[in-house]
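Down below is the structure, laid out as structure tokens.
Side chains are part of it too, since the values below use all heavy atoms of this structure and drop only hydrogens, waters and symmetry mates. Every chain is numbered from 1 and lettered A, B, ... according to where its sequence line falls, protein lines coming before strand lines.
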2 protein chains.
Amino acid sequence: MISDVSPFRQLVAKLRRLAPIDEADEAAVLALPHRVGRARARDYLIREGSKPHECCALIDGYAARSKLGVNGGRQIVSFHIPGDILDIQHLFLERADHNVQVISDATLVWVPMAAMRALATQRPTIGTAFWRDALIDASIFREWVLNVGRRDAKTRIAHMLCEFIVRRAAAGLGTAEQTQLPFSQEEIGDATGLTSVHVNRMLRELAEAGLIVRKGRSLEIVDWDGFRRAAGFDAAYLHLAA
Amino acid sequence: MISDVSPFRQLVAKLRRLAPIDEADEAAVLALPHRVGRARARDYLIREGSKPHECCALIDGYAARSKLGVNGGRQIVSFHIPGDILDIQHLFLERADHNVQVISDATLVWVPMAAMRALATQRPTIGTAFWRDALIDASIFREWVLNVGRRDAKTRIAHMLCEFIVRRAAAGLGTAEQTQLPFSQEEIGDATGLTSVHVNRMLRELAEAGLIVRKGRSLEIVDWDGFRRAAGFDAAYLHLAA
DNA sequence: CGGTTCTTTGACGAGATTCAATGCCGGTGG
DNA sequence: CCACCGGCATTGAATCTCGTCAAAGAACCG
């Protein structure tokens with residue numbers, strides 16, 4: 001399929017939200033050597049222990065980072081939306097310390113790591129955008145430690161969903177009430193440190209409280225303010241204002 | 001007290017472990033404008049919501065990053081040792097999204113943020129070291145999400161202590177058997193998402209298993225291999241080899 | 001349609017929290 | 001030097017949240 005839209009459109013939009021990049025910066029991104037790829041739900045993009053030589057960014061679909069516990073249990077440590085760079089850490093770290101998987105069918109753009117590194121150094125504003133992106137990622141991980149460590153199951157699930165919706169909205173991908181959340185209950189469990197069984201029970205309670213509606217396998221928020229309040233969600237840690 | 005040792009000695013050593021910095025790089029660090037400060041156990045260095053204009057690094061003592069839950073519960077998200085930069089994130093993010101507290105009496109060096117930022121851009125190798133430091137921090141946060149989300153209480157505590165000991169050893173601050181761990185049981189609980197009561201019970205079991213010895217308020221590992229095995233600890237995520 | 005994946009529900013058990021009381025240690029001041 | 005005090009550590013009992021196991025039902029896919 002030949003498209004008149006650059007595979008870097010979402011990425012450029014994201015970088016623009018992170019730093020005041022100019023036209024030369026944008027041109028440099030668009031000129032990056034690359035290939036576009038597709039992946040199907042559950043495909044691995046990066047495996048723990050590997051040494052990635054390409055950097056990939058999401059064009060369409062959703063992805064998750066995860067680690068495996070000794071008992072075989074999976075812990076998802078973050079979710080990603082179109083425009084996100086999925087492995088900026090390998091600009092400066094050789095070996096992957098976690099897995100990256102898509103959780104829906106997805107389209108991706110792959111760029112040689114060396115080209116990304118060169119871009120970051122030759123275009124300082126883009127370098128700053130990369131820095132901010134990595135630091136915001138770290139802030140999100142900290143919030144997840146708090147989420148999993150100190151919130152009860154219902155609040156925990158709601159908080160994780162709030163974050164996803166707010167990030168999605170900030171990327172111009174739809175408001176809370178419009179968003180169909182793409183997670184299975186098992187994925188929600190793996191992200192919150194709960195079992196899918198318990199996630200199911202909590203979702204039922206959230207539905208009984210009139211905050212969400214479950215339609216088949218996906219769910220929607222119907223009372224955003226109430227939901228946000230139930231989650232105790234404060235978006236400050238996302239550092240959305242540039 | 002006038003000292004012939006630079007307040008940047010530990011920091012330079014750390015940067016050297018992260019990237020091949022040369023003598024000019026080192027000279028640039030040593031020439032940084034700065035002031036040395038002291039703090040007492042439990043003092044705050046950075047408060048959530050503030051806008052730091054100085055960057056601080058630990059010279060002596062220990063520190064922790066923490067966030068507060070709605071119910072008032074504290075979640076510690078990382079511990080820090082001498083040489084660590086405590087707020088590299090504020091090079092590119094305006095507002096603090098978490099607290100930084102010292103957990104023992106400590107000595108610190110403060111550098112204007114603008115000077116640190118200039119150092120990172122004018123000395124590319126130091127910039128790389130900063131990048132690696134930030135990315136390794138993020139890797140540690142990911143491991144903590146897994147730790148708190150998917151490991152049982154005893155393993156969780158052991159894992160967190162293993163990490164601390166290994167990082168300390170990597171900084172040349174003593175081996176496992178020599179190390180007197182400086183944590184109260186409440187701090188261990190806040191770091192692992194447990195109550196101090198339950199931490200107490202788990203420490204007793206670890207002691208009964210002959211892995212640790214508790215002396216008054218501090219504790220020591222007596223069987224490092226066994227302890228490491230009990231924790232299921234694999235140091236890969238610390239990215240120690242440069 | 002047939003198989004697979006995901007959801008739902010119940011009964012039971014385990015692990016962690018809560019509450020409350022006691023003991024220990026180090027520091028401070030009389 | 002001793003008495004007191006505050007911060008931690010320790011312990012037990014009762015409780016509760018969440019996990020485990022198991023089975024059945026619903027939605028989606030080719």
Side-chain angles (χ1 to χ4, degrees), chain A residues 40-43 62 64 69-76 101-105 147-158 160 180-208 212-220, chain B residues 40-43 64 69-76 101-105 147-158 160-161 180-208 212-220:
Chain A
R40 314 212 45 179
R42 255 169 280 131
D43 283 355
Y62 300 104
V70 272
N71 46 6
R74 176 174 72 157
Q75 176 69 49
I76 291 176
Q101 275 177 285
V102 297
I103 60 169
S104 65
D105 291 354
N147 199 38
V148 171
R150 283 282 181 240
R151 290 200 258 256
D152 65 23
K154 211 193 300 186
T155 317
R156 204 187 291 185
I157 292 167
M160 180 237 112
Q180 291 255 346
L181 293 168
F183 308 112
S184 72
Q185 294 179 6
E186 177 139 18
E187 283 161 348
I188 295 174
D190 285 349
T192 50
L194 301 165
T195 57
S196 62
V197 173
H198 202 58
V199 169
N200 182 282
R201 294 194 261 254
M202 296 299 106
L203 288 178
R204 182 161 52 74
E205 289 188 19
L206 287 167
E208 281 166 1
I212 65 174
V213 166
R214 287 173 297 161
K215 299 183 176 178
R217 270 176 208 184
S218 83
L219 57 89
E220 277 177 32
Chain B
R40 315 212 46 178
R42 255 170 278 131
D43 283 355
V70 272
N71 47 7
R74 177 174 72 155
Q75 177 69 49
I76 291 177
Q101 275 178 283
V102 297
I103 61 170
S104 65
D105 291 353
N147 200 39
V148 170
R150 283 283 180 238
R151 289 200 259 255
D152 65 23
K154 211 194 300 187
T155 317
R156 205 188 289 186
I157 292 167
M160 179 239 113
L161 297 176
Q180 290 256 346
L181 294 167
F183 309 112
S184 72
Q185 294 179 4
E186 177 141 17
E187 284 161 347
I188 295 175
D190 286 349
T192 50
L194 300 164
T195 58
S196 62
V197 173
H198 201 59
V199 169
N200 182 283
R201 292 195 254 258
M202 296 299 104
L203 288 178
R204 183 160 53 74
E205 289 187 19
L206 287 168
E208 283 167 0
I212 65 173
V213 166
R214 287 172 298 162
K215 298 184 176 179
R217 267 171 211 189
S218 83
L219 56 88
E220 279 177 30

Across the strands shown, which category fits R42(A) at heavy-atom distances under 4.0 angstrom: base, sugar-phosphate, nothing?
-> sugar-phosphate

If you check the V197(B) side chain, which of dG7(D), dC18(D), dT11(D) turns out closest?
-> dT11(D)

Check whether any side-chain nitrogen or oxygen of T195(B) sits under 4.0 Å from OP1 or OP2 of dT17(C), and answer yes or no.
-> yes

Rounded to whole angstroms, how far apart are NE2 on H198(B) and P on dG12(D)?
-> 15 Å

Under the 3.5 angstrom rule, does the side chain of R42(B) hit a backbone N or O of Q101(B) as a donor-acceptor pair?
-> no

To the nearest Å, give me how far apart CZ (R40(A)) and P (dC29(D)) are.
-> 10 Å

With a 4.5 Å heavy-atom cut-off, do V199(B) and E186(B) have their side chains touching?
-> no

Between atom CD1 in I157(B) and atom P in dG15(C), what is the gap in whole Å?
-> 14 Å

Could you check R150(A) against E186(A) and say which one's nearest nucleotide on DNA chain C is further toward the 5' end?
-> E186(A)

Rounded to whole Å, CZ of R214(A) lies from P of dC6(C) at a distance of 17 Å

Would one find a side-chain N or O of R204(A) under 4.0 angstrom from OP1 or OP2 of dT9(C)?
-> yes

For D105(A) and A41(A), indicate whether the former's side chain and the latter's backbone hold a donor-acceptor pair under 3.5 Å.
-> yes

What does G193(A) touch in the nucleic acid at a heavy-atom separation under 4.0 angstrom: a base, only the sugar-phosphate, or nothing?
-> sugar-phosphate

Rounding to a whole Å, what distance do you find between M202(B):CE and dG15(C):P?
-> 9 Å

dT18(C) base / R201(B) side chain donor-acceptor hit below 3.5 Å | yes

Short side-chain donor-acceptor distance under 3.5 Å, R214(B) and Q185(B) = no

Ignoring the backbone of R217(A), work out which of dA27(D), dG7(D), dT20(D) is nearest its side chain.
-> dA27(D)

Between dC6(C), dA16(C), dC8(D), spot the one nearest the side chain of S184(B), thanks.
-> dC8(D)

Find the distance R156(A):CZ to dC18(D):P and express it as a whole number of Å.
-> 7 Å

Within the structure, does a side-chain N or O atom of N200(A) lie under 4.0 Å from either OP1 or OP2 of dT7(C)?
-> no

Distance, rounded to the nearest Å, where I188(A) contributes CD1 and dG19(D) contributes P | 14 Å

Taken to the nearest whole Å, CD/E205(A) to C1'/dT9(C) is 14 Å

Where each residue is assigned the nucleotide of DNA chain C containing its nearest heavy atom, which of L194(B) and Q185(A) is assigned the position nearer the 5′ end?
-> Q185(A)

Salt-bridge test for E205(A) and R201(A): reply yes if a basic N is under 4.0 Å from a carboxylate O, no otherwise.
-> no

